[in-house]
Amino acid sequence: MKYLLSAVIVLGLLAGAVWAQESDQPSTAAADTAVSADTVSVAPPAPVGNLRAYDSDNDHGHAVTLEWELSPDDGGGDNSVLMYEVFRWYPYFWDTVQEVRAELVTARQRRVQGTLDVEGDPDDYVKELVSRHTELLSTLPEAHEQYPDDGEFRLVRAVPAGTEKFEDRGPKDRLAEDFLPDYCDFYYRVDAVTIDESVRTPSQIVGPVQSYGQWFNTGRIVVLCFVLVFGLLTILFVQRARSGAELYVRPIAGIEAVDDAIGRATEMGRPILYVLGLGTAADVATIASFTILSRVAKQVAEYQTQLIVPTYDPIVMSVAQEVVKSAYLDAGRPDDYSQDIVYFVTQSQFAYVAAVNGVMLRERPATNVYMGMFHAESLLLAETGAIAGSIQISGTDQMAQLPFFIVACDYTLIGEELYAASAYLGREPVLLGSLKAQDVAKAAVVLFALIGVIVTTAGSSVFQNLFKVTD
Amino acid sequence: MKRQLPLALVFLFGVFMIFQYFVPHEKSEYVYEFLLDWIYIIGIFALALGIWSLFRVSVERIKLRKEGATYSYVALIGLYLMIAFGFTAATGDGGALSTSYYIWLLLGVVCLALVMRARAETASGRKKLLALGTLVFLVGFVLMSIFDDSWAYHFYTAEGLSNPMFRIFFDYVMMPILATMFALLAFFIASAAYRAFRARNLLATLLLLAALLVMCRFNPYLPGIDFIAKASNWLMNVPNLAAQRAIVMGVGLGMVATALKVILGIERGYMGK
Amino acid sequence: MQFFERLMMMDRRWVFLFLAAVCFFTYYVEYDVPIYVEPETERIYTFIDSLPEGDIILLAIDYDPNSMAELHPMTYTIVEHAWRKNLRLIITALSQNGPGMADQAIRDISDSLAMPATYNGVEYPAREIVNGEDYVFLGYKPYYALVILGMGQDFRLPFPNDYYGTPLDSLPMMRRVVNYDHVACVISLSSGTISDGWISYGQGRFGFPLFFGLTGVMTAQYYPFYGSGQLSGLMGGMLGAAQYEFLADNYGLARDAMKVQLPAHVIIILFIIMGNVGYFASRRRERLGGVS
Amino acid sequence: MKRSSVIILSVVVLLFLASWLWKASTLSSDPGIVNAWGQAFGITLAAFLTLAILSFLYRDNPFYKFAEHLFVGVSAAFWMVMGFWSTIVGNLVPRLSEGLSSFFKVPFDRFAVNYFYFIPVILGILLLLRLSRDAGWIARWPLAFIVGTTAGLNFIRYLRSDFIEQVSSTFVPLLVGWQGFGHFLDNLDLSATGQLALTVGNWVISLGVFCGLVYFFFSKAHTGVFGAASRVGIWVLMITFGASFGYTVMGRISLLVGRITFLFKDWLGLIS
């Protein structure tokens with residue numbers, strides 16, 4: 001028994017190695033070792049039961065899933081099953097396809113390296129191969145229809161005993177060696193293999209089965225539902241707000257402080273520093289920050305205070321210039337606008353911080369506003385600002401940086417408050433409407449969570465499964 | 001055209017990306033990968049805009065003789081050197097750079113400095129003198145660029161960046177400054193803690209106590225360290241988890257809402273309204 | 001100016017000076033700090049330790065040189081642990097400044113594998129680490145999200161060639177290794193948003209077991225993902241690295257650095273306490289002064 | 001220049017030279033090192049820049065300003081160069097033109113050519129039109145493309161991993177392994193993984209999440225029960241922020257240790 005066990009372990013490892021290696025042909029190396037190590041003769045095991053094959057769900061095609069019931073001799077009975085080998089029926093025509101494919105791949109490689117040596121134009125040669133390959137692939141389904149003539153079963157892969165499911169998945173690149181074509185009639189067989197490779201029992205053959213890509217991922221229905229519900233909610237509340245319904249927004253301390261801070265800067269005759277963070281123009285925090293910048297710039301223009309906006313991302317710089325420019329225009333002071341209010345520093349995190357810190361100590365801004373996405377630099381900025389004695393207002397959705405802003409700044413917008421700030425500042429009905437929609441969604445979450453907790457406490461995982469999203 | 005087309009583009013691509021998520025088909029994946037590729041190609045063009053802005057601001061500062069204008073020379077020279085390293089390589093064996101290459105670099109630096117100096121100069125006599133000096137160096141620089149065969153433009157090889165100076169500047173200039181800037185945080189975190197952790201009110205006290213407890217967990221000599229370690233672990237795993245979840249959900253929802261507003265054209269802040 | 005007020009209003013530069021002095025001094029002194037192991041770290045160690053020989057781990061060395069102090073020890077101890085156990089590695093460096101540093105680390109660790117070693121009482125013989133058989137180093141490509149998504153289709157999509165310019169197909173280890181389906185787990189060591197990418201673009205879409213080694217700051221942020229099972233384990237900062245070194249019985253950089261950590265923490269705590277004592281004392285004086 | 005500045009500057013220059021000489025002499029004794037003078041200069045420069053940045057802790061000074069500006073210039077160029085070679089040359093050029101590919105010495109495969117890649121090039125050039133006063137508005141098109149695509153991507157991404165996953169993982173049982181009070185009291189376990197701790201933990205998580213979410217309600221006044229819940233929410237947030245802060249101190253000091261190692265070991269060679 002000990003022998004058998006150790007041989008099984010050795011073989012398992014070898015099988016893994018074989019599996020990882022190229023193994024279009026059943027490798028005999030593993031079996032040889034085992035037989036020489038142990039010459040116990042084994043009886044053929046029972047075959048796997050109820051073999052099923054179907055196109056893999058929710059994918060882009062090029063995959064077939066196989067499922068079976070374990071052989072009674074796997075984990076019970078004689079316990080003689082070592083692994084299962086999955087076979088697929090290949091028409092001999094496939095070899096022709098492979099030959100052309102291999103030729104094409106080498107020809108292309110050589111063409112790139114400039115070592116392709118053929119008569120005539122090398123490009124025409126490759127083109128001709130490409131069209132031949134395409135043509136052969138298009139006749140592949142017909143070749144599969146010939147089953148069981150002109151073909152044979154070939155090993156796809158060996159899987160260790162105890163496996164009940166296998167996905168035969170190939171890349172979608174048609175030039176890959178193990179490309180798995182769509183819309184071909186495949187036939188599969190699974191062998192239960194014992195320690196002696198020659199002692200094996202094949203299963204029933206399943207087929208035909210075709211693989212193909214799906215147009216809708218059913219595993220993501222939950223997400224779709226949410227998208228639809230949330231989208232409708234937003235539109236509904238925006239409409240309501242447009243038609244004049246009063247919508248309340250609770251005061252947000254950090255935002256109210258902005259107005260005072262601008263006044264203070266004006267009194268002291270010192271500039272205001274606005275930092276947009278390290279986000280790109282596509283980051284939601286940066287988008288929210290643009291709206292706040294627009295408001296700050298407008299007021300700065302009215303009070304004729306100086307504004308400094310160093311940026312980290314060139315696209316953010318372009319957008320911010322646009323924002324500040326139109327804010328000055330709105331304030332009726334387009335002449336005060338200069339392109340150097342918003343400038344680019346560098347796209348390197350700490351070089352940017354070094355430069356902004358320099359500005360803080362040299363220009364001595366009365367107020368520093370940090371809104372957007374921040375990383376490790378948050379504390380460097382905020383502490384330097386505190387040393388320079390500026391009033392500091394910050395806001396970020398980066399969880400990890402919130403503690404530093406809270407500790408080092410006078411006011412901090414926590415997470416979602418940053419997004420809400422844009423609605424709060426603008427008081428535009430459409431923005432307020434979407435804020436209301438967010439709140440309704442949050443209430444729904446609280447409700448769901450409440451039900452979920454109760455159901456889960458009662459010992460059921462129904463609710464949890466409802467929220468599962470497949471990949 | 002000025003306003004409607006961009007909004008239409010945002011809507012179109014936004015909606016496509018949402019639908020793509022639900023369509024696993026090969027064709028939808030193909031377009032998706034394609035679009036992602038485009039974004040980063042455009043991003044590089046934007047970087048040129050940024051470099052231009054940096055250059056302009058530095059030049060302006062020198063020209064207007066603002067405070068600290070001297071340091072703008074440093075920035076411009078750093079920029080020039082690194083770009084030069086990035087686009088040149090030795091032609092000889094082993095990639096070693098020749099002396100003439102360094103002379104060429106130096107000529108470039110001198111040229112750059114003289115041009116800037118000349119622009120800042122107000123007295124017309126000295127301005128002319130500086131311009132003449134620039135011209136002399138520039139001619140040398142250009143001649144060397146054309147006739148020096150010991151180096152060439154572009155350096156792309158299979159091993160990556162082949163100009164050793166590029167690597168050296170990264171290792172001995174960028175790296176130490178970058179790492180030290182980051183290390184300043186150690187000091188700042190101490191001063192921030194000292195300055196701000198005062199039990200002024202309930203919220204500040206909670207902040208202070210939680211921080212103290214977690215900081216103590218690194219001290220294996222403290223009595224009751226076992227309890228402190230467990231308690232701070234509990235703090236990180238339980239209340240922390242709750243707060244994080246509340247924030248993450250709020251932020252997630254806010255982001256979704258903002259993305260939706262952007263796609264629907266409700267939020268237009270990013271376009272300068 | 002009374003003592004307590006001074007205690008409260010002390011110039012920040014004194015704080016800096018004390019801290020610097022303590023750090024520099026303790027860096028010299030030799031002493032050993034005991035380590036307390038947390039389960040989050042232990043899960044990573046156990047998972048790697050129990051993998052069968054020949055399994056592939058995708059190790060993402062996705063940090064910048066500026067986080068080297070915290071994350072480099074993790075790289076060293078994990079890679080050595082994996083190689084000693086005859087596991088194979090696919091290594092990425094998705095941070096712009098990272099590849100050179102990662103390459104250097106790989107060489108260093110390969111060198112140390114050339115010496116026999118004994119960890120946790122098990123003797124490991126010396127062995128040669130071969131590029132393409134024991135590891136593949138993919139290097140850097142910009143826009144990590146795209147790269148993570150791309151590797152889910154096929155490693156060859158973002159990385160047709162490895163860092164050294166060899167086509168992946170010609171590396172023996174990469175044969176039949178297409179995408180995440182063929183790796184046992186992904187370990188991401190990162191100091192920035194790349195870890196978000198690994199969760200939402202990687203684990204979220206492809207569902208592999210994901211482990212994180214993070215800088216101390218970020219760790220707290222990722223506990224929700226650990227709680228929800230998206231992360232199978234995580235270790236934070238120098239302490240996490242020291243714990244892994246302790247579990248692997250491999251004394252390294254992290255445990256070395258722990259001896260500076262401890263006194264520095266004590267100093268900061270003392271400053272906080274001083275500030276509060278000063279604050280309460282001066283408030284009390286104010287109140288008493290008001291009465292009299 | 002003031003006299004004191006001249007003195008300080010010359011002292012620093014002298015120290016720099018001394019360090020260079022001394023480092024070069026120590027390095028040249030090592031046969032493994034090829035270019036001792038070059039390396040010694042590099043290490044001395046790195047040490048100088050390290051100390052220049054550290055001097056910022058005392059106050060802003062010319063050395064810091066020098067390091068800062070150098071860093072800005074060098075890093076801006078660094079990113080541009082890297083972006084150009086890896087993205088434009090590495091990804092774009094081989095897909096567009098054979099001439100350019102051979103100029104940049106990148107392998108060119110004419111069967112991988114894809115003329116659709118001219119579109120991002122055109123969009124990129126449109127972006128550069130920003131510099132023009134009259135045609136600047138065209139730059140909004142590529143911007144719209146980027147914002148639209150990433151907004152769509154963000155929309156789903158956050159919905160999936162931040163939102164839905166987090167909601168479903170909030171469904172925790174409030175009574176862990178409950179088998180009645182008697183059983184609970186008989187097997188009372190106070191350890192961190194015991195029934196009591198887990199149950200209390202789950203209560204705290206549930207209540208914490210609820211109260212935290214209440215704090216983030218914007219369209220309702222925070223008064224009464226609602227206000228109380230919101231206050232509990234902010235307490236939980238503050239505890240978390242404090243704990244994260246405390247947790248971070250460690251990492252920050254590690255970074256300093258890295259620099260100390262550099263100064264002591266690589267530069268001064270005080271520790272082997």
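Naming: A, B, ... by sequence-line order, numbering from 1 per chain.
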Which answer fits [X], side chain, backbone, both or neither, if we ask what part of it has an atom under 4.5 Å from a heavy atom of chain D?
X: B/Ile247; value: both
X: B/Tyr71; value: both
X: B/Leu203; value: both
X: B/Tyr80; value: neither
X: B/Phe22; value: side chain
X: B/Leu47; value: side chain
X: B/Leu235; value: side chain
X: B/Phe188; value: side chain
X: B/Leu202; value: side chain
X: B/Ala190; value: neither

Is it the backbone or the side chain of [X] that comes under 4.5 Å from a heavy atom of chain B, or both, or neither?
X: D/Phe116; result: both
X: D/Leu57; result: side chain
X: D/Val121; result: both
X: D/Ile125; result: both
X: D/Phe262; result: neither
X: D/Tyr64; result: side chain
X: D/Ile119; result: side chain

Restricting to non-hydrogen atoms, name the atom on [X] and the atom on [Y] that form the minimum distance, rounded to 0.1 Å.
X: B/Ala243; Y: D/Thr240; value: CB-OG1, 3.0 Å
X: B/Pro6; Y: D/Ala144; value: O-CB, 3.3 Å
X: B/Leu54; Y: D/Ala76; value: CD2-CB, 3.6 Å
X: B/Asn240; Y: D/Ser244; value: OD1-OG, 4.4 Å
X: B/Ala183; Y: D/Arg259; value: CB-CG, 3.7 Å
X: B/Ile83; Y: D/Met80; value: CD1-CE, 4.2 Å

Which one of [options] has the most heavy-atom pairs closer than 4.5 Å to chain B?
options: D/Gly208, D/Gly258, D/Ala77, D/Gly212; value: D/Ala77
options: D/Thr44, D/Val72, D/Ile253, D/Leu70; value: D/Leu70
options: D/Gly246, D/Gly152, D/Ala151, D/Pro120; value: D/Pro120

Within a reach of under 6.0 Å around OH of B/Tyr102, are more than 12 heavy atoms found that belong to other residues, nucleotides or ligands?
-> yes
Report the relative orientation of the aromatic rings in B/Phe197 and D/Phe245; use parallel for angles under 30°, tilted for 30 to 60°, perpendicular for over 60°.
-> perpendicular
Would you call the rings of B/Phe170 and D/Phe78 parallel, tilted or perpendicular, where under 30° means parallel and over 60° means perpendicular?
-> parallel
Greatest number of non-hydrogen atom pairs under 4.5 angstrom with chain D, of B/Ile18, B/Val238, B/Leu212, falls to B/Ile18
